[in-house]
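Below is one structure, written out as structure tokens; comments come after it.
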Amino acid sequence: MSVSEIFESMEYGPAAESAAEAKAWLAEQGSTFGHFIDGEMTARGDGFETRNPATGEVLATLSQAGSADVDAAVAAARRAQPKWAKLGGPGRARFLYALARLLQKHSRLFAVLETLDNGKPIRESRDIDIPLAQRHFYYHAGMAQLMESELPGRVALGVCGQIIPWNFPLLMLAWKVAPALAMGNTVVLKPAEYTSLTALLFADICRQAGLPKGVVNIVTGDGAVGEMIVSAEVDKIAFTGSTEVGRKIREATAGSGKALTLELGGKSPYIVFEDADIDSAVEGLVDAIWFNQGQVCCAGSRLLVQEGIAERFYAKLRARMDGMRIGNPLDKCIDVGAIVDPAQLDRIRVLVDRNSEGETHRAATPCPEGCFYPPTLITGLSPASALMQEEIFGPVLVATTFRTPSEAVEIANNTRYGLAATVWSENINVALDIAPKLVAGVVWINGTNMFDASAPFGGMRESGFGREGGWDGLLAYTREDVGAKALKPVKAFKGDEANPQAVDRTAKLYIGGKQARPDGGYMRNVYDKAGKLIGQSPLANRKDIRNAVEAARGAKAWAGTTAHLRAQILYYLGENLSARAGEFARSIDRMTGGRDGAREVDAAVNRLFTYAAWADKYEGRVTQVPMRGVALALREPCGVIGALCPDEAPLLGLISVLAPVIAMGNRAVLVASDAFPLIAADLYQVLDTSDVPGGVVNILTGSHAELAPTLASHMDVEAVWSFSTADVSAVIEKGAAGSLKRTWVNNGMACDWMGPTGEGRAFLDAATEVKTVWVPYGA
Amino acid sequence: MPDYGVSGQGTALSGVGNLPQTLEPRNPGIPLDLDWVMRATANRSAIERRAASLPGRRSVKKEWQAAWLARAISCIDLTTLAGDDTVGRVQRLCAKARHPVRADVLDALGLPRLTVGAVCVYHDMIAPAVAALAGSGIPVAAVSTGFPAGLSPFHLRVAEIGESVAAGAAEIDIVISRRHVLTGNWQALYDEMRDFRAACGAAHVKAILATGELGTLQNVARASLICMMAGADFIKTSTGKEPVNATLPVTLVMLRAIRDYHEATGFRVGYKPAGGISKAKDALTYLALIKDELGDRWLRPDLFRFGASSLLGDIERQLEHYVTGAYSANWRHAMA
């Protein structure tokens, strides 16, 4: 076209970024790759081709790792780890800084290679992916530097197996590798088979940085390689990917003692109130659902618009969609690039074509042949529509309307997922009221898809658990340095001798603030050490669990009470327990046949005071994100926490779990000591006199082994803990896989309930979720 | 592609192609709709993010870049608003307006008759400018109404418009009373603009909002709507004399107001950023923003102008670079 013709048409022309340097790099490597193990690239093995999804062109041939490769990588990581940890934070910081610098120096090469391999627009890889990856290494260089002074007593986990997805290949590598290395771990990383090239370039960077051999190992291949890593001798698995695979990993690692963090799928709501800046909210959707072709776990894929503005909003949105440009991802003037692989394109097509509801608008803009899908909007759906529930993982936005703020929250939370949410309102009252009510690990107010290394990111519900970024993210790569001992079994005493009681006492279950007979109608006789009958304890069954969880769910107002009130109630509990100290001490001694009852009661009162103290002091943070605004890392209660309480210290164990759980605003479903259950009956009387609202604490008694699977698999329980002597850790972790609830199990190791490990931050962390609320502002 | 004529190439006798009323039904204004005005919001952070990411999202290269830069020239209001303006100075400016780029470069581009959109001067310089531009088709715009502060007696401001129109100005750039915006006196702003518009008669009127003095983007959005409701043909950011003049965020807010007004009334109002746009690359970003937010129809001098004095020089160098492949120098291009 001539200049004078373009002068009239004013069209955008092609503006392609050159791929020459990236292709030259591939050619230098012979366009074939082995694995990066122990500081060397291995010879190429049997493998597969990796293609540019935009053109179908083969970029390189990669190797499919076999078990020997994975074993070699894990062994190399294992060998390297002690020395890497011993190098110390400041020593590691130098390497992380070098990696950050090298990423920066080679930023354009990384960006172009990423776009070639993944199909995302060069604008995104150049302006978002690569800079965020650099930032992650800089930030964690700082964390390494500060580890010894700021995280005393915490040590590396060891060898971390890390499995990352294809949607942000280098960025997800950075999110996984930087914190792991900073804390003294070594890693075995598997990039997605579609997009391994930037990981292999990163391997090159590791060599340039002189990183000690074996600290970073990268093996390539498909899901089978991932499975090998999961079952390998690693100390931790970190996975980002689909909920389906995450669930399998949870099941596979159950009971293994491997630490696990999962960052999974989402169907994140994007809520627009009538007082929003509508044009900006429309523009926000471009960044929410058409960023990276919608292949984003936290994509704002569910649009909820207030009914009164819906038609106007949709009209503006359609017009904006029609102006988007789809095509060559290397073109600097392209908004939507290629879908990562034809298989993914088919998946999107099938999901959309299956839908017959609502009104579908495909962007009226040229869409090239090949692996491309146009921006699509489906309006007029209802929460019951399949597409409102299922993750599409493509550039498809589904929409429905709401009437009131509370209805917006209800619809938003009407999902199995809980990764992210976006709220648009010019009214600070509305926005800041809604944000905490949304079940999501990240909430963006008047913006969307904002990320930073200092701001924790991660999900709730079936979007997974664990956080990446910030101080909170370091918990996933460190542990307390305590020498744990194996837990000795504690068995109930047997006997048959009965003395007449002065007045017969009937112990019951405590559900919804009321004493309840067990559903099954069975009790078990409880004997003292000498074999004398003390009384009868109810045997709860699955229905009692159901009833207790229902009562706990109903007591949701507890989460909204002030921390000051919760502290007062905990102090009051302590006061009332203390008033009956002698009675409790005698009772404990009788049950356990020990003489430490008085000490245990005193420790329990003290523990209540500790968590009363913490109730209004376990605070969130304002993170230092690089924008005008604040990102608040809030600490929120998990919800309903079910726990199998320690057997060995009937009162102290129960209190050690109950107190942090309710101090943080959760409701508790507790199964008291299996061996010494009668403590429950003593304790609920104290609860009754201490103003604990009904349903906040529910106490059952019965067989831990029998109740564990029901509690673990209950879909309406957010977290399950077990300190039981029963061998239920694996059962709980497996059962929890169903709804991907958070678990904290003892894996058969003991906790010193009398000592400092019996309380503190570990309990508070487990009793809270971090929610990051981004609030950009500007008058 | 609808046929808008080769506006901007100065083929018409009287410059009609550069005036909105000749190609479009002129915006007659509508009654003040305060509900609409008060609904207008502008989220500064979101708007700044959009503005900041735009240059990374849109890029024009090679012949497209050359064509777009030529288009930018056709939309320039070549301006001199200085206390030391003389007839001679204005004549030089007008000569540059007629021949904004060296002839060999224009020939190479295939745009031999390219001119700027208009020449913009103070009242006293209208007559010499009209004379100097005779037969070129380039209209003369005059700043008016006590420019730049707009604080002279109201009847004198209205009278100034009349005199400028009588002196031959085809376009009048008025300044609004910022205090009406800052105190929320929307009715007063509307009435003032109505009176200015009436005084302009057939001359077309650009409303300068002086956005750098309005405090918030929300005020920019509201003032934009009110001026359009009161019959502005163009809304313009700045006098060029405020500490902050045209910016991309302000532009985005004003473009969105123009879009809403067009959707609601069917009338197209033009847009003129003024002050601070001095680089060819900035001009391309502005054109891309207008193309994406308003559509191609607005990429014509009858609906879009740059208020700029030094922008042209940078574009000339870029165009010579396009033609020759070598980076250019200032002294190779004629000064104004």
Side-chain angles (χ1 to χ4, degrees), chain A residues 1-17 121-124 126-128 274-284 286-287 309 312 315-316 319-320 322-325 331-335 424-427 445-448 450 627-629 774-779, chain B residues 1 3-9 39-50 53 56-71 74 108-112 114 215-218 221 249 252-253 255-257 259-260 263 287-288 291-293 295-296 299-300 319 322-323:
Chain A
M1 234 191 299
S2 73
V3 170
S4 58
E5 282 164 347
I6 302 167
F7 179 79
E8 292 306 326
S9 73
M10 285 302 284
E11 282 172 18
Y12 290 115
E17 175 80 31
I122 184 71
R123 199 271 306 182
E124 294 178 11
R126 182 197 61 203
D127 295 352
I128 299 170
E274 62 188 2
D275 64 354
D277 174 351
I278 290 180
D279 288 304
S280 289
V282 166
E283 193 59 43
V286 174
D287 293 329
I309 59 162
R312 208 168 118 239
K316 278 176 177 281
R320 180 67 184 87
D322 294 347
M324 296 188 74
R325 295 170 51 78
D331 193 311
K332 288 176 275 193
C333 201
I334 278 295
D335 299 306
W424 286 85
S425 169
E426 287 302 292
N427 186 335
I445 293 175
N446 293 327
T448 203
M450 292 180 272
M627 67 163 190
R628 186 186 61 227
W774 291 70
V775 193
Y777 48 68
Chain B
M1 195 67 203
D3 180 18
Y4 304 132
V6 285
S7 52
Q9 280 214 68
R39 260 202 323 269
T41 56
N43 186 284
R44 177 177 289 278
S45 297
I47 287 163
E48 286 175 351
R49 279 198 302 278
R50 164 79 168 135
S53 76
R57 290 179 196 259
R58 290 292 178 256
S59 173
V60 280
K61 297 291 177 200
K62 305 202 170 86
E63 53 264 52
W64 283 270
Q65 187 179 88
W68 279 51
L69 290 175
R71 172 54 68 199
S74 77
L109 296 175
L111 296 167
L114 184 72
T216 65
L217 290 179
Q218 180 164 289
L252 192 51
V253 170
L255 297 183
R256 286 170 172 176
R259 185 171 64 199
D260 279 353
E263 272 163 22
L287 290 172
K291 181 177 169 70
D292 283 8
E293 292 284 332
D296 291 347
L299 296 173
R300 289 289 186 280
L319 288 177
Y322 168 75
V323 170

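The sequence lines fix the lettering, A, B, ..., with proteins before strands; numbering per chain opens at 1.
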Give me the atom names and distance for the closest heavy-atom approach of [X] to [Y].
X         : Y         : answer
Lys291(B) : Tyr12(A)  : CE-CE1, 3.2 Å
Ser280(A) : Asn43(B)  : OG-O, 4.3 Å
Thr216(B) : Ala779(A) : CG2-C, 4.4 Å

Which atoms of Ala221(B) come close to chain A, meaning under 4.5 Å heavy atom to heavy atom: side chain ones, backbone ones, both, or neither? neither
Lys61(B) and Asp331(A): CA distance, side-chain angles, deciding distance, salt bridge (charged side-chain N to carboxylate O under 4.0 Å, His left out) verdict: CA-CA 11 Å; Lys61(B) 297 291 177 200; Asp331(A) 193 311; over 6 Å; no
Against Phe7(A), only a single residue in Leu299(B), Leu109(B), Leu114(B) fulfils side chain to side chain contact (heavy atoms under 4.5 Å, CB included); can you say which? Leu114(B)
ring-ring contact (aromatic ring centres under 6.0 Å, His included) with Tyr322(B): which residues, sequence neighbours excluded? none
Is the closest side-chain heavy-atom distance between Arg256(B) and Glu283(A) below 4.5 Å? yes
Test log, rule salt bridge (charged side-chain N to carboxylate O under 4.0 Å, His left out), inputs Arg49(B) and Asp127(A): CA-CA 13 Å; Arg49(B) 279 198 302 278; Asp127(A) 295 352; over 6 Å; no
Stacked cation flag Arg44(B) on Tyr777(A), 6.0 angstrom / 45 deg: no
Could you tell me which portion of [X] (side chain, backbone, both or neither) has an atom closer than 4.5 angstrom to a non-hydrogen atom of chain B?
X         : value
Pro14(A)  : both
Ile334(A) : backbone
Ala16(A)  : neither

Are Arg123(A) and Ser53(B) close enough that a side-chain donor and a side-chain acceptor fall under 3.5 Å? no
